[in-house]
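Down below is the structure, laid out as structure tokens.
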Amino acid sequence: MSEIKAPKGTRDIFAPEVHKWQYLEAAIHAYYRKFLYQEIRTPIFEHSELFSRGIGSETEVVQKEMYTFRDKADRSLTLRPENTASVVRAAIENNLFEIMAPLRFYYIGPMFRYDKPQKGRYRQFQQFGIEVFADDSPQVDAEVIFAAVDFLKKVGIVQLQLDLNSVGCPQCRPAYLQLLRQAAHAEEKRLCPDCQRKIAGNPLRIFDCKQPGCADASRAFPLIGDHLCGECRDHFAAVREALSWMNVPFHLEPRLVRGLDYYTKTAFEVTSGQLGAQNALLGGGRYNSLIRELGGPDMAGIGFAAGMERIILHLERLAAPQPRILFVAYQDPQWLAHAVQLAQALREEGYPVAVDYQGRNLKKQFKKADRLAAAFTLVLAEDEVRSGTVSVKDMASQEQSKIPLKDLNAWLKKNY
RNA sequence: GUGAGUGUAGCUCAAUGGUAGAGUAUCAGACUGUGGAUCUGACCGCUGCGGGUUCAAGUCCCGUCACUCACCCCA
């Protein structure tokens, strides 16, 4: 038993689970290519300031959950808790906005949050996501949402719910927040201490609270949907219409708030009923001020991020791909050289091939072949070597035949 | 950050406070040209860690760490 264990909230992934990861990653690459997204890989740590400015210094993520450290030159660095800020930073830094608009990126990679681990929640976790810059049309919102929901369906997740809201923009949100604060102040005594603090900070979060007093009080609070400016209202209506073109059912959730401050207008979240407490599979929205706030041009942006661990949990029933392999066995160690060479030749043809170098007798080797779920076991002994053949046993049907080595390839092509 | 539950062999789990066990996996043999079954044997443990109570602790108590679940937050 090892003394040193993986740090809290981290884990090792290996077979058979790793097959699901490979499947999911391949699916992401293939799917988002269809929408002309380009992969972008950014560093897993950034200057801490990127996240406090980008995500919002008042957010829970920035205040409590960041892995921040100082390097040897006393720079404050942070393991990325999400990737949108990094992608924006990279686009600004590399002048990617100059290339071609709209810009479309997708990413896959580890994120880090100092959270208490739980089902579907780790300190190092894997997200994939997409970002579209320089396109403020509501149809893009709808396309991004479609590309989120449709992908989840394509990988076999059935029970999901799409919650949709508009959280307004710098034109209309400040006035609404004033109204909300007033309403909250009036009911302050019914609110829990946590929510009383939220009044000054981010009163939208009061809607999230499940304390009976807070939930009761907040039911009467004004909703952002009734206080959107003309532009936001029109945009939101157009998003909903475009979603109907695309046959994407959604649930309007006027209290939906996202945890990162940069969202404007469209905000959405996909949840699953099968996940327990950590039921958010994916969340995203529009962030039309973020690029400017991080020092770039005044440019629109929208995207989402999805939690891959949570998707993997839904893939539990996915049949693990049975690797069909070939097993080369030898009757006596004196034929080992022939076995090795046969294995090489077969791998050259693309087959996964196993040889057990310490196989003492054929029985043991067959047992091993069985364990490895070999499709065929190829046996070499004096007979075969002398006649330039190999005995090939179909492990399922138990049929065995002697195949001349020169015909083996053709035979395998037919029977493998 | 708050609360609850659980930590015993690689894995799944036993053990009224009284010698740490079984199944499974692994290895070997029965069986030196053929797998899945069966039988026999071997290997496998600072009972998470540190204290305490006791003649005696896997078991009771305290602490700690880890995992799990919920709150919270979020993906």
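To find a chain, count down the sequence lines: A is the first, B the second, and so on, and within it residues start at 1.
A gap of 28 Å separates the C1' atoms of A57(B) and C43(B), to the nearest Å. C44(B) and C39(B) have their P atoms separated by 23 Å, with the value rounded to a whole Å. Rounded to a whole angstrom, the distance from the C1' atom of G52(B) to that of A15(B) is 24 Å. Using P as the reference atom, A42(B) and U24(B) are 16 Å apart when rounded to the nearest Å. Rounded to a whole angstrom, the distance from the P atom of C73(B) to that of U12(B) is 33 Å. C27(B) and A37(B) have their P atoms separated by 14 Å, given to the nearest Å. For the C1' atoms, the distance from U32(B) to A20(B) is 40 Å, rounded to whole Å. Distance check on atom P: G48(B) versus A66(B) gives 16 Å, rounded to whole Å.
No contact: Phe327(A) has no heavy atom under 4.0 Å from any strand. Residue Lys119(A) is classed as a sugar-phosphate contact, given heavy-atom separations below 4.0 Å to backbone atoms only. Residue Gln398(A) is in base contact, counting any heavy-atom pair closer than 4.0 Å across all strands shown. Looking at heavy-atom distances under 4.0 Å, Asp383(A) makes contact with a base. As judged by a 4.0 angstrom heavy-atom cut-off over every strand, Gly129(A) is placed among residues making no nucleic acid contact. Contact annotation for Gln400(A): base contact, defined as any heavy-atom pair under 4.0 Å involving a base atom. Counting any heavy atom pair closer than 4.0 Å across all strands shown, Ala381(A) reaches a base atom. When heavy atoms are screened at a 4.0 angstrom cut-off, Lys367(A) is found touching the sugar-phosphate backbone but no base atom.
Every pair passing salt bridge (charged side-chain N to carboxylate O under 4.0 Å, His left out) that includes a residue from residues 138-149 of chain A is listed here, sequence neighbours excluded: Arg104(A)-Glu143(A), Asp141(A)-Arg286(A). For residues 375-415 of chain A, the pairs satisfying ring-ring contact (aromatic ring centres under 6.0 Å, His included) are Phe376(A)-Trp411(A), with sequence neighbours left out. A side-chain hydrogen bond (donor to acceptor under 3.5 Å, both in side chains) check over residues 175-187 of chain A, counting only residues at least two apart or in different chains, returns the pairs His185(A)-Glu188(A), Glu187(A)-Arg190(A).
For Arg113(A), counting side-chain heavy atoms from C-beta on, the closest listed nucleotide (U68(B), G36(B), A75(B)) is A75(B). Checking A66(B), C74(B), C73(B) against the side-chain heavy atoms of Lys8(A) singles out A66(B) as nearest.
Inter-residue side-chain proximity for Arg123(A) and Pro117(A) is flagged as met; some heavy-atom pair is nearer than 4.5 Å.
Under the side chain to side chain donor-acceptor pair (under 3.5 Å) criterion, Glu384(A) pairs with Ser391(A), sequence neighbours left out. Partners of Ser289(A) under the side chain to side chain donor-acceptor pair (under 3.5 Å) rule, at least two apart in sequence or in another chain, do not exist in this structure. Residues satisfying the side chain to side chain donor-acceptor pair (under 3.5 Å) criterion with Gln196(A), sequence neighbours excluded, are absent altogether. Looking at residues two or more places apart in sequence or on another chain, you find a side chain to side chain donor-acceptor pair (under 3.5 Å) between Thr389(A) and Ser387(A).
Inspection of the His314(A) and Ser272(A) side chains reveals an N or O donor paired with an N or O acceptor under 3.5 Å. Checked by atom type, the side-chain pair Ser218(A)/Arg255(A) shows no donor-acceptor distance below 3.5 Å.
When each of Lys402(A) and Lys368(A) is assigned the nucleotide of RNA chain B bearing its nearest heavy atom, the one mapping closer to the 5' terminus is Lys368(A).
Judged by distance alone, with hydrogens and angles left aside, Arg11(A) brings no side-chain donor or acceptor close enough to the base of C67(B) to form a pair under 3.5 Å. Residue-to-nucleotide contacts include no donor-acceptor pair under 3.5 Å from the side chain of Lys364(A) to the base of G35(B).
In this structure, Lys363(A) reaches the G35(B) phosphate: one of its side-chain N or O atoms is under 4.0 Å from OP1 or OP2.
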Where do N or O atoms of nucleotides 1-7 of chain B meet protein N or O atoms at under 3.5 Å, pair by pair?
unit_1: U2(B); atom_1: O4; unit_2: Lys116(A); atom_2: NZ; d: 2.9

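Pairing analysis of RNA chain B (Watson-Crick: purine N1 to pyrimidine N3 plus N6-O4 or O6-N4; G-U wobble: N1-O2 and O6-N3; both under 3.5 Å) yields stems of 3 or more pairs at B:1-7 with B:65-71, B:10-13 with B:21-24, B:26-30 with B:38-42, B:48-52 with B:60-64.
Classification of the Phe151(A)-Tyr32(A) ring pair by plane angle, with boundaries at 30° and 60°, yields tilted.
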